[in-house]
Amino acid sequence: MKTFSDYLEENDIDYHLYGVLNSLKDVVKKVSDVIKTAETGSAGSKNIFGEEQLALDILADGFVQKELQKNSLIGIIASEELPEEMDVSNEETGGGEYGVCYDPLDGSSLVDVNLAVGSIFGIYKMPNSEGKNSFIGVKGDEQLASMIAVYGPRTTIVLTVKRGVVEFLLDDGEFYLVREGIKVGGGKMFAPGNLRACASRKDYLELINYWCEKQFTLRYSGGMVPDINQILLKGKGIFSYPGYGDAPDGKLRLLFECAPMALLMEQAGGAATDGSMRILDKKLTRLDQRTPIFIGSKEEVERCEKYL
Ligand code: AHG
Ligand code: MN
Ligand code: MN
């Protein structure tokens, strides 16, 4: 069976990018292990999004940070749990040509009730297209690769190096390729986030009604990673998270969540929009930028654009 490394070698991935992806794969194993038994209480602090951090968020972030700092190919990192982007370049080895942004533990509040959670990673070349060593100014389209790790009954990685989408399964310390050519087409499954918006947004309510009337199957877990993972692997469906009222951009973050997910979805033949613009075309103006997102099969994403 092919391993994670075999897959990268076979696809002739740039040797340096290969090194970055290998670090990510290693840290996924550690996070997968640690969340099994770690404390699930609050850390008593808040992140840049003003959200309460759990001890687990900080712990997972620490593992990722430490692993990425060790890798001299990486010059800059940004995390949903860190206040600023962090220069991790090593002067002795001449800096680092990659930037890695990540959500170390998406859906962390679901760990105590034993639902699936995940990690999200986006990899960019640095300096960015504006010549700066920063994520500010990048578009999701500039990502060289993105991946999610899903911690459920099994630990899996879904990866794109812009050559389609593949899945790996963790088995006895090694990730093995279990699925290639992952594709998302039409089909009646929906994961409607932020239904609170229906109280003030008639357009969103009408869209939800459409899916109900057409007898779509509801598959919503409260964790973006398992929800999008399900759409990718079942090959159908739509995940929505609109904004409303005081939060017109919703909750989900462009850099740490939406852009990496959008790259995976487009590479699987699906689409991702904020309602009027392709997610991967959105330029990052601030680290804590949020965006509404409608992501899944092209057919349903187009429907969202039509309704909203
Ligand atoms: P995080 O745990 O990283 O803060 O993000 C959780 C996200 C995402 O996984 C999920 O889709 C969304 O929050 C659900 O949000 P609400 O239930 O708060 O609407
Ligand atoms: Mn998150
Ligand atoms: Mn998180």
Side-chain angles (χ1 to χ4, degrees), residues 27-28 31-32 34-35 38 40-43 45-65 77-83 100-122 146-152 158 190-201 204 208 218-232 237-262 264-265 272 274 279 287-296:
V27 79
V28 164
V31 174
S32 167
V34 77
I35 58 177
T40 56
S42 166
S45 51
K46 286 190 172 164
N47 63 16
I48 43 167
F49 300 91
E51 298 161 342
E52 190 198 343
Q53 290 175 306
L54 298 184
L56 261 176
D57 289 318
I58 310 283
L59 196 68
D61 186 68
F63 277 111
V64 182
Q65 236 187 80
I77 61 174
S79 161
E80 192 183 288
E81 307 302 341
L82 288 173
V100 177
C101 56
Y102 61 93
D103 179 353
L105 200 54
D106 182 66
S108 50
S109 68
L110 303 172
V111 173
D112 61 351
V113 290
N114 213 8
L115 280 164
V117 295
S119 303
I120 311 172
F121 303 94
S146 76
M147 67 181 236
I148 51 175
V150 189
Y151 313 111
V158 177
F190 73 142
N194 207 10
L195 288 180
R196 291 168 290 247
C198 289
S200 56
R201 286 194 60 171
Y204 192 46
I208 300 293
L218 174 70
R219 287 289 180 270
Y220 185 77
S221 77
M224 190 190 196
V225 173
D227 285 338
I228 305 263
N229 182 60
Q230 174 158 232
I231 294 171
L232 288 165
I238 178 82
F239 173 94
S240 54
Y241 203 106
Y244 71 103
D246 289 345
D249 291 325
K251 169 184 180 187
L252 299 173
R253 298 114 303 217
L254 179 58
L255 182 66
F256 306 112
E257 296 167 327
C258 298
M261 292 296 198
L264 282 168
M265 194 55 76
D274 69 358
I279 293 287
L287 279 187
D288 61 358
Q289 193 171 337
R290 300 178 196 254
T291 178
I293 185 167
F294 307 90
I295 176 170

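Because only heavy atoms are used, hydrogens play no part in the values below, and waters and symmetry mates are left out as well, while side chains stay in. If you're wondering where the values come from, they're calculated on a predicted model, not measured in any experiment. Remember, it's 1-based here, ligands and their atoms both numbered in the order they're listed.
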For ligand 1, what N or O to protein N or O distances fall under 3.5 Å?
from, atom 1, to, atom 2, distance (Å)
ligand 1, 2 (O), Gly107, N, 2.7
ligand 1, 2 (O), Ser108, N, 3.4
ligand 1, 3 (O), Glu80, OE2, 2.9
ligand 1, 3 (O), Asp103, OD2, 3.2
ligand 1, 3 (O), Asp106, OD1, 3.2
ligand 1, 4 (O), Arg253, NH2, 3.2
ligand 1, 5 (O), Asp106, OD1, 3.1
ligand 1, 9 (O), Asp106, OD1, 3.2
ligand 1, 9 (O), Asp106, OD2, 2.8
ligand 1, 9 (O), Met224, N, 2.7
ligand 1, 11 (O), Met224, N, 3.4
ligand 1, 13 (O), Lys251, NZ, 2.7
ligand 1, 15 (O), Lys251, NZ, 3.1
ligand 1, 18 (O), Lys251, NZ, 3.1
ligand 1, 19 (O), Arg196, NH2, 2.3
ligand 1, 19 (O), Tyr241, OH, 2.7

With rounding to the nearest 0.5 Å, note down the distance linking CG in Leu54 to CG in Leu105. 8.5 Å
With rounding to the nearest 0.5 angstrom, report the CG to CD1 distance, Leu264 to Ile295. 8.0 Å
Using a cut-off of strictly less than 2.8 Å, determine whether Asp103 has an N/O/S atom near the Mn ion (ligand 3). yes
Calculate, to the nearest 0.5 Å, the distance between atoms CE and CG belonging to Met224 and Leu252 respectively. 5.0 Å
Distance, nearest 0.5 Å, that separates NZ of Lys46 from CD of Gln53: 10.5 Å
Determine which of the N, O or S atoms in Glu257 is closest to the Mn ion (ligand 2) and give its atom name. OE2
CG on Leu56 to OG on Ser108, rounded to 0.5 Å: 7.0 Å
So that I can check it, does any N, O or S atom in Asp106 come closer than 2.8 Å to the Mn ion (ligand 3)? no
So which N/O/S atom does Glu80 have closest to the Mn ion (ligand 3)? OE2
Any residue meeting side chain to side chain contact (heavy atoms under 4.5 Å, CB included) with Ala78, in chain and number order, not counting sequence neighbours: Glu85, Cys101, Phe135, Leu255, Phe256, Leu287
Rounded distance (nearest 0.5 Å) linking atom CG of Asp106 with atom CG of Asp57: 9.5 Å
Among Ile279, Asn194, Asp274, whose side-chain contact (heavy atoms from CB on, under 4.5 Å) with Pro292 holds? Asp274
